[in-house]
Amino acid sequence: MYQGKYASTQPPVRRPRRQKPRSKKGTIIFYSIYAAFIVVFFAAILLVMEPLRDWLIKYEASQPNHKRDQVFAELFEDPDWENIYRLAEVEDTDFENSRSFAACMESLVGDSELTCLETSAGLSGDKKYIVKLGEKKIASFSLTGGAENQTDIPQWELGKVEVFFDRTQSVLIDRLPGQTVYVNGVALDDSHVVRKVSTVAEKYLPDGIHGFRMERLFLSGLMVEPVVTAKDAAGNVIALTRDSQTGIYSPAIPVMEASTEEKEIAVTAVQTYAKYMIGNVSLWEVSKYYQADSQFYKTLQSSELGWMQSYASFDFTDAVYSDYYRYSDTLFSIKVDFELRLTRHDGSVKTHELNNTLFFEKDSAGKWMVMEATNVAVQEQKVQSLLTFMHEDQVIQSTFVDADTATLTLPEVTTPEGKIFKGWVKEERSGNGKVTLTVVFSPEDGNPVYLPSGNMLEPMTLYPLFEEDKK
């Protein structure tokens with residue numbers, strides 16, 4: 001067939017090759033392996049994540065803020081103050097213990113809410129927290145432990161516990177001879193005596209016999225108002241009364257009343273003495289009532305009759321009795337006041353006041369005899385106060401002085417270089433622990449110090465005050 005000049009340009013048609021079908025077995029193996037890898041991957045993830053999750057939970061739980069909250073809740077949300085006292089390792093004193101501390105804190109805190117704030121623990125690496133009641137710091141605790149590396153789980157444990165309280169309470173108790181005073185069940189000894197009271201009668205009494213006496217005891221450094229009790233020499237409990245203004249505990253002072261017999265003996269003895277002084281009776285009659293070796297009787301023997309001897313009549317006014325005191329079963333004193341009225345021959349009256357205190361002692365025969373007589377007020381109380389001078393926690397001088405003394409010699413102290421001595425001061429602590437210094441004796445007072453009339457020194461502990469010399 002003739003195609004001519006122009007031939008067809010269409011490429012020849014190729015018939016597609018017949019492909020072989022793919023293997024289903026290979027596909028199954030591939031996807032099986034793929035799925036296995038996925039399963040293994042997620043299983044591995046689960047195996048890793050579970051410990052990691054546990055580690056993260058433990059790590060978060062072991063952070064100090066969680067331990068802080070746990071400790072604060074255990075100790076201070078419903079505080080057991082006695083347990084806190086023991087954790088803080090506070091040492092008991094002779095008069096107070098954990099129960100005293102608990103009473104102090106319960107009184108202070110009550111049902112009020114406490115707060116907890118972190119504070120610096122220095123370079124120790126520990127954590128420290130302050131427990132506060134309002135603005136008042138009452139306790140602290142620390143957490144110790146932590147971790148050496150950031151990846152390690154910290155093991156925080158309760159460290160040191162501290163408590164902050166003031167020992168500003170004090171107590172004053174009066175006691176009579178033979179009595180023992182107890183504070184929180186502990187007996188106070190003579191070292192706590194700061195004030196002594198006696199009477200002028202002491203100078204007229206035999207050795208070993210004493211008149212009215214009372215001692216005041218002082219105890220400071222207490223957390224709370226203590227329980228104060230007292231017993232007599234036989235061990236019997238004595239009632240004490242606390243003065244609402246001064247706070248001083250005192251026993252009841254026994255009231256002594258003279259018997260009718262004692263009053264009659266006293267007025268008879270004074271009247272006999274008065275009759276002798278006007279020449280109405282002899283000295284022998286006086287000797288029936290007065291001991292011959294008494295100073296009063298000896299004075300009568302050597303004295304001239306000094307009262308009016310020429311009179312028409314005499315009489316006595318009714319007697320007034322006072323200042324009765326029984327020192328023992330065989331000794332008492334009593335003051336008798338009345339007047340001797342002498343009527344002259346012209347009808348005029350001369351009056352002599354008789355105000356004598358008589359000391360009666362029973363003799364071997366059981367008769368009351370005047371052992372001494374005076375017009376001095378023998379029941380007037382004499383007070384001595386303890387003055388203690390300290391410097392740098394050392395006692396310089398501690399002595400009892402008459403509270404009404406007119407002069408007082410102060411101990412000398414050396415003034416440190418660059419400072420000025422400003423005087424002797426006493427410290428007073430308020431309930432919140434604030435200390436106030438009051439100058440009692442200044443250098444301008446001189447030494448010895450001349451005290452004003454009527455001044456009564458109270459028991460005091462004094463400290464030297466030095467200030468910087470600004471010159």
Side-chain angles (χ1 to χ4, degrees), residues 74-76 78-112 114 130-134 136-142 158 160-175 179-195 215-231 235 237-251 386 388 390 393-395 398 426-436 459-461 463:
E74 291 176 353
L75 295 184
F76 297 102
D78 185 16
D80 179 348
W81 293 114
E82 289 195 56
N83 180 52
I84 294 171
Y85 178 92
R86 288 187 287 269
L87 289 174
E89 299 181 348
V90 181
E91 292 187 9
D92 293 348
T93 68
D94 291 338
F95 302 94
E96 292 184 317
N97 51 30
S98 61
R99 292 187 299 275
S100 307
F101 173 76
C104 174
M105 298 310 293
E106 287 169 3
S107 174
L108 175 66
V109 177
D111 296 328
S112 300
L114 301 176
I130 299 296
V131 179
K132 302 179 75 175
L133 174 65
K136 184 177 179 63
K137 182 170 67 173
I138 63 170
S140 72
F141 65 90
S142 64
L158 176 62
K160 185 177 181 181
V161 176
E162 292 181 282
V163 288
F164 309 104
F165 55 91
D166 299 316
R167 294 186 183 273
T168 58
Q169 294 289 329
S170 60
V171 63
L172 290 165
I173 315 108
D174 287 338
R175 72 178 181 187
Q179 296 179 347
T180 303
V181 169
Y182 299 85
V183 172
N184 293 336
V186 181
L188 297 187
D189 57 27
D190 292 345
S191 66
H192 295 281
V193 176
V194 296
R195 187 174 184 263
E215 293 178 332
R216 180 164 294 167
L217 290 79
F218 174 70
L219 178 65
S220 61
L222 300 173
M223 288 185 277
V224 292
E225 183 72 29
V227 176
V228 180
T229 56
K231 294 182 180 180
V237 175
I238 299 168
L240 296 175
T241 302
R242 185 179 184 272
D243 187 284
S244 59
Q245 294 184 344
T246 65
I248 300 173
Y249 291 85
S250 301
L386 180 65
T388 300
M390 299 191 65
D393 297 327
Q394 297 294 320
V395 177
S398 185
K426 65 178 180 180
E427 296 181 353
E428 295 176 303
R429 295 181 179 272
S430 61
N432 59 9
K434 181 181 178 181
V435 179
T436 302
M460 291 182 289
T461 298
Y463 304 84

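None of the values given here were measured: they were computed from a predicted structure.
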A.B. asks: Spell out, as yes or no, whether a donor-acceptor pair under 3.5 Å connects the side chain of S142 to the backbone of K160.
C.D. replies: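 Yes, because the side chain of S142 sits within donor-acceptor range (under 3.5 Å) of the backbone of K160.
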A.B. asks: Do T246 and L172 have side chains that get closer than 4.5 Å, going by heavy atoms?
C.D. replies: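 They are not in contact (no side-chain heavy atoms under 4.5 Å apart), so the answer is no.
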A.B. asks: Nearest 0.5 angstrom please: Y249 OH to D243 CG, how far?
C.D. replies: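 Atom-to-atom, Y249:OH and D243:CG are 11.0 Å apart.
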A.B. asks: Taking the side chain as every heavy atom from C-beta outward, state whether F165 and V90 have any pair of such atoms under 4.5 Å apart.
C.D. replies: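 Yes, side chains in contact.
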A.B. asks: Looking only at heavy atoms, what is the nearest atom pair of P79 and F76, with distance?
C.D. replies: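 Closest heavy-atom pair between P79 and F76: CD-O, 3.5 Å.
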A.B. asks: Quick one: do the S140 and E162 side chains pair a donor with an acceptor below 3.5 Å?
C.D. replies: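 Present: a donor and an acceptor within the cut-off.
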A.B. asks: Strictly by side chain to side chain donor-acceptor pair (under 3.5 Å), give each pair with a member in residues 88-98 just once, sequence neighbours left out.
C.D. replies: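 Those involving residues 88-98 are E82-S98, Y85-D92, E96-R167.
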A.B. asks: Could you tell me which residues satisfy side chain to side chain donor-acceptor pair (under 3.5 Å) with E427, sequence neighbours excluded, listed by chain and number?
C.D. replies: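 If we apply the side chain to side chain donor-acceptor pair (under 3.5 Å) test to E427, skipping adjacent residues, there are no hits.
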A.B. asks: Are D190 and R175 ion-paired here, with the side-chain N under 4.0 Å from a carboxylate O?
C.D. replies: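 Salt bridge flag = yes for R175 with D190.
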A.B. asks: Between S220 and S170, do the side chains contain a donor N or O and an acceptor N or O under 3.5 Å apart?
C.D. replies: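 Result is no, nothing qualifies.
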A.B. asks: Should we count NZ of K132 as having more than 12 external heavy atoms under 6.0 Å?
C.D. replies: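 It does: K132 NZ has more than 12 such atoms within range.
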A.B. asks: Hey, is CG on D189 packed in by over 12 heavy atoms from elsewhere, all under 6.0 Å?
C.D. replies: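 Yes, the 6.0 Å shell around CG holds more than 12 heavy atoms from other groups.
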A.B. asks: Given 3.5 Å as the limit, does a donor-acceptor pair link the side chain of S112 with the main chain of V109, or not?
C.D. replies: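 Looks like yes, one N/O pair under 3.5 Å.
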A.B. asks: Nearest 0.5 Å please: distance from the CD atom of Q169 over to the CG atom of L219.
C.D. replies: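 Answer for the CD-CG pair, Q169 versus L219, is 11.0 Å.
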A.B. asks: At their closest point, which heavy atom of V395 faces which heavy atom of M390, and how far apart are they?
C.D. replies: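 For V395 versus M390, the nearest heavy atoms are CG2-CE, 4.1 Å.
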A.B. asks: Please examine the side chains of L75 and L87, heavy atoms only from C-beta on, and report whether any two atoms are closer than 4.5 Å.
C.D. replies: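 In contact.
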A.B. asks: Decide if atom CZ of R99 counts as having more than 12 heavy atoms of other residues, nucleotides or ligands within a radius under 6.0 Å.
C.D. replies: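 Open.
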A.B. asks: Please report the closest heavy-atom contact between T388 and S398, naming both atoms and the distance.
C.D. replies: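 The pair with the smallest heavy-atom distance is OG1-OG, 2.9 Å.
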A.B. asks: How far apart are the closest heavy atoms of V183 and F95, and which atoms are they?
C.D. replies: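 Shortest heavy-atom separation between V183 and F95 comes out as O-CD2, 3.6 Å.
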A.B. asks: Evaluate the side-chain proximity of T229 to V237: yes if any heavy-atom separation is below 4.5 Å, no if none is.
C.D. replies: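 No - every pair of side-chain heavy atoms lies 4.5 Å or more apart.
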A.B. asks: Here's a test for you: under side-chain contact (heavy atoms from CB on, under 4.5 Å), which of L188, L386, L217 qualifies with V193?
C.D. replies: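 Between V193 and the candidates, side-chain contact (heavy atoms from CB on, under 4.5 Å) is satisfied uniquely by L217.
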A.B. asks: Within the structure provided, determine whether P251 and Q179 are in side-chain contact (heavy-atom separation under 4.5 Å).
C.D. replies: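 A side-chain contact under 4.5 Å exists here.
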A.B. asks: Within this structure, what is the CD1-CD1 distance for the pair I138 and I84, rounded to the nearest 0.5 Å?
C.D. replies: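 With rounding to 0.5 Å, CD1 (I138) is 8.0 Å from CD1 (I84).
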A.B. asks: Working to the nearest 0.5 Å, report the span between CD of E106 and CZ of F101.
C.D. replies: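 Answer for the CD-CZ pair, E106 versus F101, is 10.0 Å.
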A.B. asks: Quick one: which residue pairs count as a salt bridge (Lys or Arg N to Asp or Glu O under 4.0 Å) with a foot in residues 216-230, not counting sequence neighbours?
C.D. replies: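 Output for this query lists D174-R216, E225-R242.
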A.B. asks: Report yes if some heavy atom in the side chain of K136 is under 4.5 Å from a heavy atom in the side chain of L108; otherwise report no.
C.D. replies: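 Yes, at least one pair of side-chain atoms sits under 4.5 Å.
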